[in-house]
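Structure first, commentary second.
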Amino acid sequence: MNIGEQAATHSESSGSSRPFLFFFMLWSVIIALAVFSVGALKPPAPLPASAPESEFSAARAFAHVARIAHIPHPLGSAADAEAREYLLAQLSQLGIQASIFSGLGIDPTAHLVVAGKTNNVVGRLPGTSGGPAILLMAHYDSVYRASGAGDDAGGVAAILEILRAIHTGPPLQRDVIVLFTDGEEAGLLGAEAFAHSHPWLKDIGLVMNFEGRGDRGPSLLFETGMNNAPLIEAVARVAPHPIGSSLFYELYKILPNDTDFTVFRPAGIPGLNFAFGEGLESYHSPLDTPQNLSLSSLQHHGSYGLSLTRHFGQLDLTSLRNAHGDDVFFDWFGSRMITYSQSWVLPGQVLVTVLWALLLMLDFRSLGFSKRRFLLALAACIAMLTLTAVTAALGWWLLTVILANHRILSDSPANLLLLNGLIFLSACVCTLALSFLRKRLGNQHLLLGALTLVWILSWAFTLYLPSGSYLLFWPLLLALLGNIVVLARRTSPGTEWSSGLPALVAAVLLFAPVVYLVYVFLTLQMIAVVTSAILLALLLLLSTQALGLSAGAHRGWESGTFAAIAVALLVTGAALSRYTPEHPRPDSIVYSLNADDNTAVWITYDQEADEFTGQFIGATFPQPHPVPNYLAGLARPMVSGTAPVIALAPPLLENLEHTKDGNIHRLKFKVRSQRNAEVLLLRFPEEIQPVSVKIAGRDVPIHKGGRFGVTLYAMGEQGVELEIAVTAPSTVSFWLMDRSYSLPLNKEPRLANLMGIDGSDESYVCRKYTL
Ligand SMILES: [Zn+2]
């Protein structure tokens with residue numbers, strides 16, 4: 001009997017003798033490992049205010065959060081100014097010379113021109129020697145519907161506490177620049193104003209930004225500057241609780257999200273970006289209060305900031321700029337970060353390919369092996385992966401239908417149960433499919449087909465998402481080695497399953513945190529559910545050796561148990577899925593007055609009425625239809641209802657100059673809100689396209705195509721001067737609208753289980769101008 005033949009006989013025959021208890025134990029270990037690896041993704045315990053002076057204390061930092069985030073403080077508001085004064089006072093108490101840097105910020109990425117007057121708080125703690133400085137950054141403004149404790153008073157407070165702790169120790173060699181930006185929420189405006197014209201930009205050798213997109217959970221290293229290898233290695237070595245992964249960083253790059261850090265990327269400044277993201281319902285919502293903010297998340301921000309500032313504060317940062325290459329990184333058992341150069345990814349994949357070819361050769365040599373069956377098995381594994389994803393997607397769709405009117409869009413306990421229910425449903429389908437395939441194709445063919453599929457996917461990662469390649473690389477490497485060990489050595493019958501264990505353990509420990517983080521960041525959306533199902537199917541394919549020995553005998557039991565668990569979790573999750581003060585139903589209502597014909601409407605972005613919005617539009621919503629006369633020409637269908645006309649003074653335009661050169665109109669005018677509304681908007685019809693735009697003397701970039709418009713934040717009562725050149729067929733006609741952060745009349749306030757979303761509870765006044 002040759003080696004392959006012997007191994008083939010082992011894997012085909014030995015399984016049915018495995019006792020029921022064996023599989024029960026194995027699955028319990030898998031689930032326990034998954035729970036453990038997700039549980040390890042937790043922030044450190046907060047230190048009390050009595051902690052040693054040299055340490056970061058979340059309790060001390062929280063005092064700042066309570067002050068900054070006691071009420072909403074959007075760009076341009078009185079509360080924003082109050083927060084600014086508080087920050088200046090705090091910095092001066094720390095002996096740091098600080099000042100306000102005012103300037104017009106723009107958002108160059110927005111299709112429309114977005115600009116605003118910002119007031120950044122900037123300070124500098126001098127080091128003992130020169131050289132590039134460290135920039136610590138967070139934004140102090142909030143959206144107007146949120147007090148902004150997590151987003152981003154937490155980041156600001158962490159920096160103040162970091163500076164205090166640094167002050168107690170020996171001075172650093174490098175300067176530390178503090179930048180508390182304004183107008184981040186309006187489009188990274190303060191950071192842009194700083195990067196555009198502040199003389200200190202050229203001094204910066206390293207940026208660290210702190211953000212919050214929720215109110216709890218670990219602070220993740222989710223973004224870095226280019227050539228991050230030396231930074232990542234320092235984080236892994238120096239930070240006490242490093243959590244983050246290069247896969248997440250890669251996924252973040254694909255998503256349209258931005259933070260102030262984005263502004264510094266084009267300058268090529270090395271940097272690290274940290275954010276916590278559990279409790280998505282708090283993001284830009286009235287739930288983002290100091291009471292709801294996790295002190296552990298605050299401590300986690302501080303643990304990175306203090307350790308890394310102390311570390312880099314004594315290093316020559318010029319080497320960071322000259323560094324080359326990115327690292328692959330991921331945390332392991334929480335708080336332990338594995339890093340290696342991305343340049344190892346391709347050689348690693350070549351090694352895996354050699355091992356795969358060796359396994360293929362050993363299999364081909366074995367008796368009873370059929371190439372046709374192997375190809376069938378490969379096709380069947382692809383089909384099984386697809387089937388699992390489709391099942392999860394269908395399950396999710398069914399849930400959204402059942403929970404139509406009480407679906408919570410967050411990482412709530414109910415949604416965690418529902419997600420796990422869908423994962424167990426996927427496990428049921430996967431184990432049934434694998435059992436069927438094993439009977440038809442034989443364990444050996446199935447095993448090779450499964451690993452071949454993972455090997456193909458691993459190549460896709462290597463080529464297209466190299467920094468995420470670790471996810472499949474390590475389990476695949478271990479699975480191939482495990483199989484080769486079985487085929488090359490004469491293992492005694494019934495023990496070859498144990499050679500598959502390392503791959504199984506690696507896959508569980510790497511996949512479970514990804515499933516959890518995708519769920520936290522995307523909530524229970526189809527993409528999160530499908531990602532979970534695909535990772536589960538891949539886990540089972542990678543673990544065919546360890547799990548594949550039951551060959552039919554216990555499969556019914558296994559799938560049946562998963563189905564029962566799935567039903568129990570789904571039913572409980574669905575029952576718990578209801579709106580409460582902790583998980584309020586989001587709703588929206590805005591008022592809009594057309595000052596030309598003196599008519600007004602209520603508008604909502606919701607699909608169905610609740611007790612609050614019903615007061616404005618009626619208990620049954622009418623069909624959505626466009627209301628261009630109330631939203632500056634916007635053609636999107638909206639649910640609206642007639643509103644009383646309330647005497648709100650419309651925004652004003654003062655024409656200063658208008659010249660015409662062919663079809664190019666050069667306009668110079670001043671716009672202002674008579675009611676001191678926070679935002680001014682100009683919207684042009686599609687046939688009018690921009691040639692150039694200057695706002696308050698600053699040239700701003702424009703994007704052609706689509707509707708041209710300008711959105712202006714915090715221009716104050718005096719307004720702002722614009723110089724705009726446009727191409728227009730004849731006259732220039734456009735909408736001028738202002739937007740204020742309140743409703744013009746009071747109705748019964750919302751019950752505790754309802755909350756107004758970001759963009760709700762606002763008043764618009766619009767009118768048309770023809771020049
Ligand atoms: Zn933010």
Side-chain angles (χ1 to χ4, degrees), residues 61 64-65 68-77 79-80 83-84 87 105 107 109-110 114 116 118-121 135-160 178-195 207-223 252 255-265 271-290 292-294 297-298 300-302 304-305 410 520-521 713-714 741 757-759:
H64 303 305
V65 175
I68 300 163
H70 68 109
I71 49 168
H73 45 289
L75 170 63
S77 64
D80 193 42
R84 187 159 59 238
L87 294 175
D107 178 358
T109 60
V114 177
T118 63
N119 295 289
N120 296 316
V121 177
L135 177 75
L136 298 179
M137 176 167 66
H139 68 88
Y140 73 87
D141 67 312
S142 73
V143 297
Y144 106 95
R145 294 294 301 155
S147 305
D151 180 17
D152 184 23
V156 171
I159 291 174
L160 286 174
V178 192
L179 173 58
F180 295 137
T181 65
D182 191 13
E184 192 270 354
E185 302 292 3
L188 323 179
L189 302 181
E192 198 279 336
F194 178 91
V207 185
M208 280 190 267
N209 187 51
F210 299 89
E211 263 286 4
R213 199 214 62 154
D215 56 19
R216 57 182 186 273
S219 177
L220 304 171
L221 170 59
F222 72 102
E223 187 184 14
Y252 171 79
L255 296 171
N257 303 32
D258 277 311
T259 70
D260 280 337
F261 190 82
T262 308
V263 171
F264 290 82
R265 292 186 72 100
L272 298 166
N273 202 356
F274 304 95
F276 51 83
E278 285 184 27
L280 183 65
E281 279 163 305
S282 289
Y283 178 57
H284 289 183
S285 92
L287 296 176
D288 192 9
T289 59
N292 287 345
L293 179 66
S294 152
S297 300
L298 202 50
H300 207 180
H301 265 350
Y304 289 113
S410 176
V520 163
F521 277 85
Y713 285 88
Y741 297 152
I757 59 165
D758 188 27

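All ligand and atom numbering here is 1-based and tracks the order in the structure. Just so it is clear, the structure is predicted and the values come from calculations on it, not from any experiment.
- The salt bridge (Lys or Arg N to Asp or Glu O under 4.0 Å) contacts involving residues 182-191 comprise Arg84-Asp182, where partners must be two or more places apart or lie in separate chains.
- Shortest non-hydrogen contact noted between Ala195 and Val263 is CB-CG1, 3.5 Å.
- Under the rule for a salt bridge (Lys or Arg N to Asp or Glu O under 4.0 Å), the partners of Arg145 that lie at least two apart in sequence or sit in another chain are Asp761.
- For Val156 against His139, the heavy-atom pair with the smallest separation is CG2-O, 3.4 Å.
- Glu281 meets the salt bridge (Lys or Arg N to Asp or Glu O under 4.0 Å) test with no other residue; sequence neighbours excluded.
- Closer than 2.8 Å to the Zn ion (ligand 1) sit the protein N, O or S atoms His139 NE2, Asp151 OD1, Glu211 OE1, Glu211 OE2.
- Ring geometry, Phe210 versus His301: the interplanar angle exceeds 60°, so the pair is classed perpendicular (tilted spans 30 to 60°).
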